[in-house]
Protein chains: 2
Amino acid sequence: MNGFLGTYSVSLDDKGRLNVPAKFKGLLERDSPQLVMCVMDGFLIVFPQREWAANEEKLYHLNAFDKSDRNRLREFYARATECEMKSGKILIPAAQREAAGLKKEVTLVGMSKTFELWAPDRLEKTSK
Amino acid sequence: MNGFLGTYSVSLDDKGRLNVPAKFKGLLERDSPQLVMCVMDGFLIVFPQREWAANEEKLYHLNAFDKSDRNRLREFYARATECEMKSGKILIPAAQREAAGLKKEVTLVGMSKTFELWAPDRLEKTSK
DNA sequence: AGGATTGTGTCAGAAAGTGTCGTAAAGTGT
DNA sequence: ACACTTTACGACACTTTCTGACACAATCCT
């Protein structure tokens, strides 16, 4: 498999877990089930942990003792959460579900190295 | 685990201790429960002791006989406190709680190598 | 020493997270 | 089109984590 591709409609269970589609499952199992999930403008981006690390490197030049740099760092880190695919499922923490407006139905969109989680209605609005 | 990530809302107990979220707990247990807590502009930064040491090194080059350098050093050290995670909790000394305006509700923000403690209302103002 | 204040360990109930399984639905090969 | 395999879903039981409370220990202050 080359990367995360395509659109899937999945439903969350009563605890807010999503079943990873079989095609993505293979990728995550082979590589690593470790993930970082990050809130963007109204939707979630899921990074396999390696991909996240690559993005994080771009922040190393910022100075943690500088006020405005620190604010930028915080924005980035505060929105992120580690998670993991367990038993073929990913638990989406309540805060993240909230931020992305996810109810039961979730649309999952492959973006090659990462994939996104959308509330169906929001995705529809955005793509217009 | 990659580092401290995400935002958590936790509440202090009657003695001013905070329950460390399970995700952070793992990191602190593996590395070391020894911490240094430091007051910044209205919030607290918590350094795992190794991370503190690394930051301290950056200050060694400052000149102990230079007045303004010395002021910066003093500011840095005077506001720092050693503390420790015990029974999965961290006691926040009264002085620090005071300085950060922490009441019962505290927002905990992961910053990769360190994490921050905020009074919810102050964080909200800052992030705007 | 006695009493107040501050720090520490532990526990029980509630809430959140996790594993598993049966059934339903979708996909596959012939 | 049919039987078979795989995948998705919902449900349930179980485990872990979070919280507030209590009891006790240590320290400080007269």
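Chain naming here is simple, since letters A, B, ... match the order of the sequence lines and numbering starts at 1 in each.
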For [N] and [X] - does any side-chain N or O of the residue sit under 4.0 Å from the phosphate oxygens OP1/OP2?
| X | N | value |
| --- | --- | --- |
| A:K15 | C:dG17 | no |
| A:K89 | D:dA8 | no |
| A:S11 | D:dA8 | no |

Can you tell which of [options] lies closest to the side chain of [X]?
| X | options | result |
| --- | --- | --- |
| A:A22 | C:dT18, D:dC9, D:dT7 | D:dT7 |
| B:D14 | D:dC9, D:dC18, D:dC22 | D:dC22 |
| B:N19 | C:dG19, D:dT19, C:dT8 | D:dT19 |

Output the rounded distance in Å from [atom1] ([X]) to [atom2] ([N]).
| X | N | atom1 | atom2 | answer |
| --- | --- | --- | --- | --- |
| B:L91 | D:dA25 | CG | C1' | 14 Å |
| A:E29 | D:dT7 | CD | C1' | 13 Å |
| A:Y8 | D:dT6 | OH | C1' | 14 Å |
| A:K86 | C:dT20 | NZ | P | 13 Å |
| B:I90 | D:dC18 | CD1 | P | 12 Å |
| B:R97 | C:dG7 | CZ | C1' | 11 Å |
| B:L18 | D:dT17 | CG | C1' | 15 Å |
| A:E98 | C:dA16 | CD | P | 13 Å |

> With distance as the sole criterion, do the side chain of A:R17 and the base of D:dG10 form a donor-acceptor contact below 3.5 Å?
Replying inline: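 Such a pair does not exist between side chain and base.
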
> What is the ring orientation for A:Y8 with A:F24, classed by angle as parallel under 30°, tilted 30 to 60°, or perpendicular over 60°?
Replying inline: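 Ring orientation, 0 to 90° scale: perpendicular.
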
> Could you go step by step and tell me if B:E116 and A:R74 meet the salt bridge (charged side-chain N to carboxylate O under 4.0 Å, His left out) rule?
Replying inline: CA-CA 9 Å; B:E116 302 179 348; A:R74 185 179 310 113; 2.6 Å; yes

> NA contact type, B:K23, heavy-atom cut-off 4.0 Å: base, sugar-phosphate, or nothing?
Replying inline: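 Here B:K23 touches no strand at all.
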
>> A cation-pi test, strictly: NZ or CZ of B:R72 under 6.0 Å from the centre of the six-membered ring of A:F65 and no more than 45 degrees from its axis. Yes or no?
In response: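 Ring-cation test returns no.
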
>> Suppose we define a pair by two distances each less than 3.5 Å, Watson-Crick or G-U wobble; what does D:dA26 pair with here?
In response: C:dT5

> Given that B:P21 and B:D13 both sit by DNA chain D, which one's nearest nucleotide is further toward the 5' end?
Replying inline: B:P21

> Could you state the interatomic distance from CE (A:M37) to CH2 (A:W52), rounded to the nearest 0.5 Å?
Replying inline: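 The distance works out to 11.5 Å.
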
>> Could you check whether any side-chain N or O of B:T7 sits under 3.5 Å from a backbone N or O of A:A78, counting only pairs where one atom can act as donor and the other as acceptor?
In response: yes

